[in-house]
There are 2 protein chains.
Amino acid sequence: MDFSIGALAREAEVKVPTIRYYEQIGLLAAPPRTEGGQRRYDAETADRLKFIRHARDLGFEIEAIRELLELTGAPERSCAAVDAIARRHLEDIEARMRRLAALRDELRRMVVECGHGRVSECRVLHTLADHRLCAHDHH
Amino acid sequence: MDFSIGALAREAEVKVPTIRYYEQIGLLAAPPRTEGGQRRYDAETADRLKFIRHARDLGFEIEAIRELLELTGAPERSCAAVDAIARRHLEDIEARMRRLAALRDELRRMVVECGHGRVSECRVLHTLADHRLCAHDHH
DNA sequence: CCTTGAACCTCTAGTCGCTGGAGGAAGTAG
DNA sequence: CTACTTCCTCCAGCGACTAGAGGTTCAAGG
């Protein structure tokens, strides 16, 4: 069972140039080619690509993904390292959610007020500028 | 009370070249200059910049922020227009939050499962590789 | 006043993670 | 065998910064 680059792209829901880009930066190994030079992928590569895509979706940076992929084969301490990476992203996501909730509430209030025919003083700027809503855990 | 570009950068927790970049793309107005040509900012600009930084932190694109800033700055605008823009951003925020919630749940499960230490029980990579856990609501 | 050193100026180029186009070759369905 | 899609490489560009070179201005201490 082998995939053309396009079939792989559909399978993993990734764009074709993105696959070539991943090969270029060494995140995917260079696959075998047909007589005419076209790439042919196997199911294992498809899994690896799905893993990469999923991790990117989760907000992992390429280097973190490279780490995770390397840790896949490693024993014992791997788990702690992977856990640390996941925890970092979890904290970041939770902070983002808190701030989004604050902004959402403020926008909702504006829409409601608008529905009542009065566009009063806008507090969106104040909401977003508020230090207390800021989580200072940038990576 | 006026800020040098460096003071403004510290105040808003933004790097100096970023401020100049924002001026370049018209997100911040060109401020008055000293006799010698150095930029001098007021507190209002500091608030605007803080707003921009927090919105960027939340993942809003520059163009979206430009619109939000117009929204916050024009309370006398047509109610319908304000409502439309606010609603669109509200939908965007709610979509982001749903997606973040899915990612958070997934990461939480990963951390919890990983936290039990045994390598044989580490399912982080498995979790990440499992496409069924993927949140399919990309914008 | 004068010196010193930090902070400022402009300009260019580089970063990350893709994305798209040009121009042409290879694969495939009828 | 033709027509059409997909593939190839190479290169340029995107958004949103970020860093560096090389020079100027500001503010504080002597």
Side-chain angles (χ1 to χ4, degrees), chain A residues 1-42 45-46 48-69 89 92 96 138-139, chain B residues 1-42 45-46 48-69 92 138-139:
Chain A
M1 199 75 138
D2 57 10
F3 304 88
S4 68
I5 197 168
L8 179 64
R10 277 187 300 278
E11 174 75 13
E13 295 176 87
V14 162
K15 287 181 184 168
V16 168
T18 302
I19 297 171
R20 290 197 275 251
Y21 169 72
Y22 286 161
E23 180 182 328
Q24 194 186 302
I25 64 169
L27 203 57
L28 288 177
R33 305 275 187 133
T34 61
E35 195 67 18
Q38 299 196 358
R39 291 168 179 84
R40 287 296 175 259
Y41 297 93
D42 56 15
T45 306
R48 191 180 169 93
L49 183 54
K50 282 179 205 167
F51 173 94
I52 293 167
R53 199 219 104 175
H54 196 178
R56 287 290 301 131
D57 260 11
L58 287 168
F60 288 91
E61 284 159 23
I62 295 290
E63 286 316 303
I65 295 168
R66 210 189 290 273
E67 258 175 50
L68 284 169
L69 285 167
H89 284 275
D92 182 48
R96 280 166 193 269
H138 315 298
H139 38 264
Chain B
M1 200 73 137
D2 56 9
F3 303 88
S4 68
I5 197 168
L8 178 64
R10 277 188 299 278
E11 175 74 13
E13 295 175 89
V14 164
K15 288 180 183 168
V16 167
T18 303
I19 297 172
R20 291 197 274 251
Y21 170 71
Y22 286 161
E23 180 182 328
Q24 193 185 302
I25 64 169
L27 201 59
L28 288 176
R33 305 275 186 132
T34 61
E35 194 68 16
Q38 300 197 356
R39 292 166 179 84
R40 288 295 175 259
Y41 297 93
D42 56 15
T45 305
R48 190 181 171 93
L49 182 55
K50 282 179 205 167
F51 172 91
I52 293 167
R53 170 168 118 58
H54 287 285
R56 285 293 303 129
D57 236 28
L58 290 171
F60 285 91
E61 286 158 20
I62 295 290
E63 286 316 302
I65 293 168
R66 214 188 284 273
E67 251 179 27
L68 280 170
L69 282 168
D92 182 38
H138 314 300
H139 41 261

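Just so we're on the same page: letters track the sequence lines, and every chain starts at 1. In what follows, every heavy atom counts, from backbone to side chain, and hydrogens, waters and symmetry copies are set aside.
The distance between atom CZ of Arg66(A) and atom P of dC16(C), rounded to the nearest whole Å, is 10 Å. Whole-Å rounding puts the Phe3(A) CZ to dG27(C) C1' distance at 18 Å. As rounded to whole Å, 13 Å separates atom C1' of dA16(D) from atom CG of Asp57(B). Separating the CD atom of Glu23(B) from the C1' atom of dC11(C) is a distance of 15 Å, rounded to the nearest angstrom. The interatomic distance linking Ile5(A) (CD1) with dC18(C) (C1') rounds to 14 Å, in whole Å. One interatomic measurement links the two molecules: CD of Gln24(A) to P of dT19(C), which rounds to 14 Å at whole-angstrom precision. To the nearest angstrom, P of dA26(C) lies 10 Å from CD of Glu35(A). The interatomic distance linking Ile19(B) (CD1) with dC9(C) (C1') rounds to 14 Å, in whole Å.
Tyr21(A) has no side-chain polar atom (N or O) that falls below the 4.0 Å cut-off from OP1 or OP2 of dC16(C). Proximity of Arg33(B) to the phosphate of dC26(D): no side-chain N or O atom is located under 4.0 Å from OP1 or OP2. Residue Ser4(A) places no side-chain N or O under 4.0 Å from the OP1 or OP2 atom of dT6(D). Residue Thr34(B) places none of its side-chain N or O atoms closer than 4.0 Å to OP1 or OP2 of dT25(D). The side chain of Tyr22(B) places an N or O atom within less than 4.0 Å of a non-bridging phosphate oxygen (OP1 or OP2) of dC17(D). Using a 4.0 Å cut-off, some side-chain N or O of Thr18(B) falls inside it from OP1 or OP2 of dT18(D).
Nearer to the 5' terminus of DNA chain C, by closest-nucleotide assignment, is the contact made by Arg20(A) (compared with the other of Arg20(A) and Gly36(A)). Heavy-atom distances to DNA chain D give each of Glu63(B) and Arg39(A) a nearest nucleotide, and the one nearer the 5′ end belongs to Arg39(A).
Looking only at side-chain heavy atoms (C-beta outward), Gln38(A) and Ile5(A) stay at 4.5 Å or farther from each other. The shortest side-chain heavy-atom distance between Arg56(A) and Tyr22(A) falls under the 4.5 Å cut-off.
The nearest pair of heavy atoms linking Tyr41(B) to Pro31(B) is CE2-CG, 3.5 Å.
Arg53(A) places no side-chain N or O within 3.5 Å of a backbone atom of Val14(A) that could act as its donor or acceptor partner.
Ion pairing between a basic and an acidic side chain is recognised when a charged N comes within 4.0 Å of a carboxylate O; Arg20(B) and Glu23(B) show no such pairing.
Closest to the Ile62(A) side chain, of the nucleotides dT19(C), dT18(D), dG17(C), is dG17(C).
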